[in-house]
Asks: 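Dropping the structure in here first, questions after.
Chain naming here is simple, since letters A, B, ... match the order of the sequence lines and numbering starts at 1 in each. Values in this document were obtained by computation on a predicted structure and should not be read as measured data.
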There are 2 protein chains.
Amino acid sequence: MATIRDVAKLASVSVATVSRVINKNGYVNKQTEIKVLESMKLLNYKPHTIARALSNKQTYTLALILPDITNPFFPELARAIEDTATKFGYSLILANSDSNKEKTTSYIESLTNRYVDGIIFASHELSLDKINQIKDSGIPMATLDRAVNLKGLPSIGVQNYEGGIMAVKHLLSMGCSKIGHICGPIYYHTSIERYKGYVDALEDINQFHPSYVVQGDFSIESGFEMANRLLSNHPEIDGIFAANDLMAVGALKALIRLKKKIPEEVALIGFDGISITSQMEPEISTIAQPIYQIGAMAVNCLIDQIQKKIPCEQSGQELELKLVARASTLKSKGHSSI
Amino acid sequence: MATIRDVAKLASVSVATVSRVINKNGYVNKQTEIKVLESMKLLNYKPHTIARALSNKQTYTLALILPDITNPFFPELARAIEDTATKFGYSLILANSDSNKEKTTSYIESLTNRYVDGIIFASHELSLDKINQIKDSGIPMATLDRAVNLKGLPSIGVQNYEGGIMAVKHLLSMGCSKIGHICGPIYYHTSIERYKGYVDALEDINQFHPSYVVQGDFSIESGFEMANRLLSNHPEIDGIFAANDLMAVGALKALIRLKKKIPEEVALIGFDGISITSQMEPEISTIAQPIYQIGAMAVNCLIDQIQKKIPCEQSGQELELKLVARASTLKSKGHSSI
DNA sequence: TTGTAGGCGTTATCAT
DNA sequence: ATGATAACGCCTACAA
């Protein structure tokens, strides 16, 4: 491997000059620049990223901490983040925290020692001391899903409340009148907002029944179980809004086993817009998050902080959701959507 | 951030001594060791990973190149790899190649410059020059799915041929007699082996019909399309073996739309054992790969190479598959499996 | 416009 | 058993 010194020697200049042409900073004569460039080609010289990192304190590496890449919500997000990071010349380190406090702490420590340039936190489990731990280390970070809402802590999220309303209104527009809700864990901000949207949309028309709400944990299994419970307690229910797509998938399974005609007898809508919803039969309607955009924004935000040292403008921004109406809600002559 | 020099000063020893206790090599007096250790605690000293990497030429970072983390096969693999890497103190860089030659090349270059300690290649697209490119760079690598079979190139795979036989035999044991096959792209080693297994199992009993085979591209969409084609050309088919689970999912969708009773009229089995198969209704039978184990072995193999400089023993090993019989093949009083 | 030299934080070779 | 000190490869004042 050729070093900067080899290049300097071959081009008969100093390493400083070579460094200048590499980094395009400082004055350098056009002639010498060409000479240097040629030498670099000749020697097939590539700057040593590690050495550069030591000197610069920039590793061009980002880290993504998420609960579990095996959860179908995250691959799409990870993809967006990796794509965008790569676009800017950054590598992406993946960390599965299992929403576990110890693992999270240990990852943060290890990433801090590796001097990653930024950390994206897509996990709900983010205690205040963890945040401060990162802040103290001086590493820029961004959180997703509004895990926390802190001054100076960039966070990208979606309009969960409005999404809840959209889901219910869609169900109503398809003729449902007894709408059940499988909500997520109540200690998640996202669950609560979606739930509130559900409540408000129904209270508006005096149709809210507390017993039509059951609580799952965002997993397929809980969706299956809760849909069964909902329908055994309230056979009259003709529409279900699941707080996320995975629970909707579980609910679909339950509905099919119960021999319910979908959407005629029971319509079903999820939330998130992950691709698995379109692979089911019938395809499941959903309130889609701009997942790719969220990931891309998070990276942009981080890189802004890293490079321009500016705080993220998108901080706290809530992106819009989009209704994706599919077979699980579209009755015969129902309306459609994009 | 405290440096090794700070620790040395506080403990009134030289940096060399501190380095010795950090790395537990060389002689060091018990007393001084304690003094040094205390100083480290006191200053909350953590060795600077980057500096260490520069000196050691070891970054404690592995890279995983795969086609697309969004493909449901890969998150499970990535999870296994990340888990195992972490266990050994390594971080994992994720790279989505989209099976694209240029992207792959550019990743390899970038990873090479980052001096990752090892690369795991889970992509089918691996031309010989790419391999040599990595080999020349001296970075240990491992490939999955027997993408290539080269002397000295560790490769972990499964018994695809036997798997094909298992799938067909299972279908036969459930009473199917007209078994179709949706095979994968013929330029993939895995596709061919599975196909051969299918052929041999049927030829054994004189039941092989070339026209019962159609070709997909491992995607859900192609599975959907090919199942439709298969059944429209051969309505008598009562069993389908899809060469991977994603195509099985697509096929399931097609069968349901065609109002086929599953498994009574048409039984269906996939290949891979990804979790999505158990989330469908009916649940899809499959020939399961030990995905987690594969990932773990790949990492072990790499770390063996890195640390002990020994070639991987598992090189070229083909792991066993396991039949997972579920509702999509289990007729009434059918047999079961683990 | 270009070169010299010190520093980034560790490791490892030699002495002592 | 311990300590100087030269690498590792690059960047960047500061000089020239």
Side-chain angles (χ1 to χ4, degrees), chain A residues 1-40 43-61 89 110 112-117 137-138 307, chain B residues 1-37 39-40 43-61 89 110 112-117 137-138 306-307:
Chain A
M1 280 300 109
T3 77
I4 198 174
R5 256 176 281 270
D6 299 327
V7 177
K9 202 162 300 173
L10 182 57
S12 341
V13 296
S14 72
V15 294
T17 302
V18 177
S19 177
R20 286 191 197 96
V21 352
I22 292 173
N23 300 292
K24 306 188 201 310
N25 61 3
Y27 299 96
V28 42
N29 183 297
K30 199 65 190 167
Q31 300 304 318
T32 41
E33 176 175 358
I34 294 176
K35 223 173 19 175
V36 169
L37 255 14
E38 280 173 348
S39 304
M40 285 175 36
L43 296 174
N44 188 29
Y45 167 78
K46 306 281 180 215
H48 193 298
T49 312
I50 306 292
R52 190 185 282 213
L54 181 59
S55 176
N56 281 342
K57 294 185 159 315
Q58 277 222 28
T59 57
Y60 288 89
T61 304
S110 134
T112 299
N113 281 356
R114 264 161 218 275
Y115 293 81
V116 298
D117 293 341
S137 75
Q307 297 188 338
Chain B
M1 282 298 108
T3 79
I4 198 175
R5 256 176 279 269
D6 300 326
V7 177
K9 201 162 299 172
L10 181 57
S12 340
V13 296
S14 74
V15 296
T17 301
V18 177
S19 177
R20 286 192 195 95
V21 352
I22 293 173
N23 301 292
K24 307 187 201 310
N25 61 2
Y27 300 94
V28 42
N29 184 297
K30 199 65 191 169
Q31 301 304 318
T32 40
E33 175 174 359
I34 294 176
K35 223 175 18 176
V36 169
L37 254 14
S39 305
M40 284 174 39
L43 297 174
N44 188 28
Y45 167 78
K46 306 280 179 215
H48 192 299
T49 313
I50 307 292
R52 191 183 274 206
L54 180 59
S55 180
N56 281 342
K57 295 190 159 310
Q58 278 222 28
T59 56
Y60 287 90
T61 304
S110 135
T112 298
N113 281 355
R114 266 163 218 274
Y115 292 82
V116 298
D117 293 340
S137 75
I306 296 169
Q307 298 188 337

Asks: Could you check how far NE2 of His48(B) sits from C1' of dG7(C), rounded to whole Å?
Replies: 13 Å
Asks: Do Asn25(B) and Arg20(B) have side-chain heavy atoms sitting under 4.5 Å apart?
Replies: yes
Asks: In this structure, how many angstroms lie between the P atom of dT2(D) and the CD1 atom of Ile34(B), rounded?
Replies: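 Distance check: Ile34(B) CD1 to dT2(D) P gives 12 Å.
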Asks: In terms of the nearest nucleotide of DNA chain C, which residue is placed more toward the 5' end: Arg5(A) or Glu33(A)?
Replies: Glu33(A)
Asks: At less than 4.0 Å, is any side-chain N or O atom of Ser14(A) found next to OP1 or OP2 of dG3(C)? Yes or no.
Replies: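 Yes, because at least one side-chain N or O of Ser14(A) sits under 4.0 Å from OP1 or OP2 of dG3(C).
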Asks: From CD1 of Ile50(B) over to P of dC11(D), roughly how many Å is that when rounded to an integer?
Replies: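 Spelled out: CD1 on Ile50(B) to P on dC11(D) is 14 Å.
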Asks: Students often get this wrong, so: under 4.0 angstrom with heavy atoms, is Val13(A) touching a base, only sugar-phosphate, or nothing?
Replies: sugar-phosphate
Asks: Nearest nucleotide by nearest heavy atom, which residue falls closer to the 5' end of DNA chain D, Ile22(A) or Asn56(B)?
Replies: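 This one resolves to Asn56(B).
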Asks: Measure OH/Tyr115(B) against P/dC10(D) and give the value in whole Å, please.
Replies: 8 Å
Asks: Report the nucleotide, chosen from dT4(C), dC10(D), dT1(C), that has the shortest atom-to-atom distance to any side-chain atom of Pro47(A).
Replies: dC10(D)
Asks: dT2(C), dT13(C), dT4(C): which one has an atom nearest the side-chain heavy atoms of Thr17(A)?
Replies: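 Out of dT2(C), dT13(C), dT4(C), the nucleotide with an atom closest to Thr17(A)'s side chain is dT2(C).
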Asks: At 4.0 Å (heavy atoms only), tell me whether Ser19(A) reaches a base, stays on the sugar-phosphate, or touches nothing.
Replies: base
Asks: Looking only at atom types and distance, does a side-chain atom of Ser55(A) sit under 3.5 Å from a main-chain N or O of Ala51(A), one as donor and one as acceptor?
Replies: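 Here the side-chain-to-backbone pair does not exist.
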Asks: With a 4.5 Å limit on heavy-atom distance, are the side chains of Thr61(A) and Arg114(B) in contact?
Replies: yes
Asks: How many whole angstroms separate atom CG of Asp6(A) from atom P of dC8(D)?
Replies: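 About 11 Å, once rounded to whole Å.
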Asks: Expressed as a whole number of angstroms, how long is the span from Gln58(B):CD to dA12(C):P?
Replies: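 Checked: the CD to P distance equals 10 Å.
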Asks: Is the backbone N or O of Ser110(B) less than 3.5 Å from a side-chain atom of Asn113(B), with the two atoms forming a donor-acceptor pair by type?
Replies: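 Checked: no pair found.
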Asks: Compare the minimum distances between each of dT4(C), dG9(C), dT2(D) and the side chain of Asn29(B), then state the nucleotide with the smallest one.
Replies: dT2(D)
Asks: Any base atoms under 4.0 Å from Tyr45(A), or only sugar-phosphate, or nothing? Heavy atoms, all strands.
Replies: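 Counting heavy atoms under 4.0 Å across all strands, the contact made by Tyr45(A) is with sugar-phosphate only.
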Asks: Using whole Å, what does the distance between atom P of nucleotide dG6(C) and atom CG of Leu54(A) come to?
Replies: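 These atoms are roughly 18 Å apart.
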Asks: May I ask you to verify if any side-chain N or O of Asn25(B) is less than 4.0 angstrom from the OP1 or OP2 atom of dA12(C)?
Replies: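 Yes, Asn25(B) has a side-chain N/O under 4.0 Å of OP1/OP2 on dA12(C).
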Asks: In terms of side-chain heavy atoms of Ala16(B), which of dG9(C), dG3(D), dA5(C) is nearest?
Replies: dG3(D)
Asks: With a cut-off of less than 4.0 Å, is there a side-chain N or O of Asn23(A) near OP1 or OP2 of dC11(D)?
Replies: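 Yes, such a contact exists.
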Asks: Tell me which one of Ser19(B), Pro47(B), Ser14(B) satisfies side-chain contact (heavy atoms from CB on, under 4.5 Å) with Ile4(B).
Replies: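 It is Ser19(B), the one option of Ser19(B), Pro47(B), Ser14(B) that forms the side-chain contact (heavy atoms from CB on, under 4.5 Å) with Ile4(B).
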Asks: For dA1(D), take OP1 and OP2 only and decide whether either is under 4.0 Å from a side-chain N or O of Thr32(B).
Replies: no
Asks: Does the pair Lys35(A) and Thr32(A) meet the rule for a side chain to side chain contact (heavy atoms under 4.5 Å, CB included), with working shown?
Replies: CA-CA 5 Å; Lys35(A) 223 173 19 175; Thr32(A) 41; 4.1 Å; yes
Asks: Please give, in whole Å, the distance from dT12(D) P to Lys57(A) NZ?
Replies: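 The distance from NZ of Lys57(A) to P of dT12(D) comes to 13 Å, rounded to the nearest Å.
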Asks: Which listed nucleotide (dC8(D), dT1(C), dC14(C)) is nearest to the side chain of Arg20(B)?
Replies: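 Ranking dC8(D), dT1(C), dC14(C) by closest atom to the Arg20(B) side chain puts dC14(C) first.
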Asks: Counting heavy atoms from C-beta on, name the nucleotide in dG9(D), dT5(D), dG9(C) closest to the side chain of Ala51(A).
Replies: dG9(D)
Asks: Base, sugar-phosphate, or nothing: which does Lys30(A) touch, judged by heavy atoms less than 4.0 Å apart?
Replies: nothing
